[in-house]
Amino acid sequence: MTQRTLVLLKPDAVRRGLIGEIIGRIENKAQWSITALEMRGLDLGLLEQHYGEHAGKPFYEPLVQFMSSGPIVSMVVEGDRVIEGVRTLTGPTDPIAAAPGSIRGDFGTIVRENLVHASDSEESAQREIKLFFPGLV
Ligand code: IDP
Ligand code: MG
């Protein structure tokens, strides 16, 4: 089941010099490939669309502030069961609850600054890829 997913390396990951480490973990997985990649800043308009499902929650405003606090890396990863697979590599939202060996488990302590975003379903992946890579066919 070939899929595509959107992965973001959040500003904390970029500031801490973990781009190579995190991309390496994705590249190490057999059969998956990175088919689009960009380093950029995010404006509030894009973040409102990306995180629209969380609008109004207590963590929403600080999340958007954090996500616009520095450059991020956005990428599309393609492969068999990649949506579930990248979420497994990433670990759960709270890095303290994330298992060692996962990206959040190995590098994070703060729920907001949890290093990576990864699409959570086929629908989210399609919507998010269109948002971040509108020119991609
Ligand atoms: P996910 O990134 O694991 O899918 P979501 O529930 O979709 O988690 O939340 C989006 C992002 O919002 C999280 O990755 C994290 O950065 C932030 N976040 C979620 N819940 C909290 C919270 O309770 N406190 C602070 N930040 C949160
Ligand atoms: Mg989510």
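Given the structure is predicted, the values throughout are model-derived calculations rather than measurements. Order of appearance sets the numbers: ligands from 1, and atoms from 1 within every ligand.
- In this structure, Gln3 contributes its side chain and Val82 its backbone to a donor-acceptor pair below 3.5 Å.
- The 4.0 Å heavy-atom shell around ligand 1 contains residues Lys10, Tyr51, His54, Phe59, Leu63, Arg87, Thr93, Arg104, Val111, Arg112, Asn114, ordered by chain and number.
- Counting only heavy atoms from C-beta outward, the side chains of Met75 and Phe132 never approach each other to under 4.5 Å.
- The pair Asp106-Arg25 meets the salt-bridge criterion, since a charged nitrogen lies less than 4.0 angstrom from a carboxylate oxygen.
- Taking all atoms of both residues into account, the shortest heavy-atom contact from Tyr60 to His54 is CB-O, 3.4 Å.
- Judged by distance alone, the side chain of Asn114 and the main-chain N or O of Val111 form a donor-acceptor pair under 3.5 Å.
- For the residue pair Ser119 and Arg127, no side-chain donor N or O sits within less than 3.5 Å of a side-chain acceptor on the partner.
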